[in-house]
Each structure stands twice: as C-alpha cells, then as structure tokens.
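First comes the structure, then the notes that go with it.
What's counted below: heavy atoms across the whole structure, side chains too, no hydrogens, waters or symmetry copies. Bear in mind that the values here come from a model prediction, so they are computed numbers and not experimental data. Numbers for residues simply follow the sequence, beginning at 1.
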Amino acid sequence: MAKRSLGVRYVCSNCGAISTTWTGRCRVCGEWNTLQEQVDVSTATAGASGTKLKIEPVAKAATAKTNRLATKMNDVDDVLGGG
C-alpha cells in the first residue's frame, strides 16, 4: 500500500509566499528561516475514514464514573487521581 502523505505546505512569515518544500530561505523575499510548516486541511482530511466524535461538555465528562487501573506505584496513582 502506498504511503499517503498529508497536505503539508510551508508559508513564509515575512511575505506570505507558499512553498511545497522547506528550503531554509524564502524564494520570493530572500529572508532566511521564515518558512513555517502548515497542514493543508482540505487535502489532509479528504480521504479520512471513520466517524466523527461526539461533542460533550467538560462538566459531563468530569463527573462520569470510570474504572481506574492501579499502577502499583503509589506516587503515580496519587498523581493520576487513584490510577
């Protein structure tokens, strides 16, 4: 199976020029180290499969009862709130 790459592009923070590869120097304005990596959302999610996650309030998730798994390391269990 072929490796599917995300739509990554590099945008110059100085002039806004877009490049498909990072070169260290903007080809348009000539400034060094101004290319910032960005993921092109339209191509990154074009072939995505699966279902969307449901949105629920944080308060509801915080009050949900979940079974905790103890790590048998007391300090770690204390940090994790019981496991």
Side-chain angles (χ1 to χ4, degrees):
M1 178 182 233
K3 182 179 177 182
R4 185 171 47 171
S5 63
L6 293 177
V8 177
R9 65 183 183 174
Y10 298 89
V11 179
C12 178
S13 61
N14 187 46
C15 69
I18 297 173
S19 176
T20 57
T21 57
W22 188 86
T23 56
R25 183 177 184 186
C26 178
R27 294 179 181 163
V28 177
C29 67
E31 290 294 318
W32 287 94
N33 296 324
T34 57
L35 296 178
Q36 303 294 320
E37 182 179 25
Q38 292 183 349
V39 176
D40 188 11
V41 176
S42 61
T43 59
T45 59
S49 62
T51 59
K52 289 185 177 181
L53 297 175
K54 295 179 183 177
I55 298 173
E56 66 180 43
V58 174
K60 181 179 177 185
T63 60
K65 298 292 180 186
T66 57
N67 293 331
R68 304 254 180 203
L69 300 174
T71 63
K72 308 290 187 214
M73 294 180 271
N74 293 334
D75 292 337
V76 173
D77 286 341
D78 287 343
V79 169
L80 297 175

Can W32 and T23 be said to form a side chain to side chain contact (heavy atoms under 4.5 Å, CB included), step by step? CA-CA 9 Å; W32 287 94; T23 56; over 6 Å; no
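I18 belongs to a hydrophobic cluster with V11, counting contacts under 4.5 Å between side-chain heavy atoms of Ile, Leu, Val, Met, Phe, Trp and Tyr, direct or through other members.
Between the side chain of D77 and the backbone N or O of A70 there is no donor-acceptor pair closer than 3.5 Å.
V8 places none of its side-chain heavy atoms less than 4.5 Å from the side chain of Q38. For the pair D75 and M73, the minimum side-chain heavy-atom distance is 4.5 Å or more. In this structure, the side chains of R9 and T21 stay at 4.5 Å or more apart for every pair of heavy atoms.
Taking all atoms of both residues into account, the shortest heavy-atom contact from G30 to R25 is O-NE, 2.9 Å.
Each of V28 and Y10 belongs to its own hydrophobic cluster when Ile, Leu, Val, Met, Phe, Trp and Tyr are linked at side-chain heavy-atom distances under 4.5 angstrom.
The side chain to side chain contact (heavy atoms under 4.5 Å, CB included) search around N14 returns C12, C29, E31, T34, not counting sequence neighbours.
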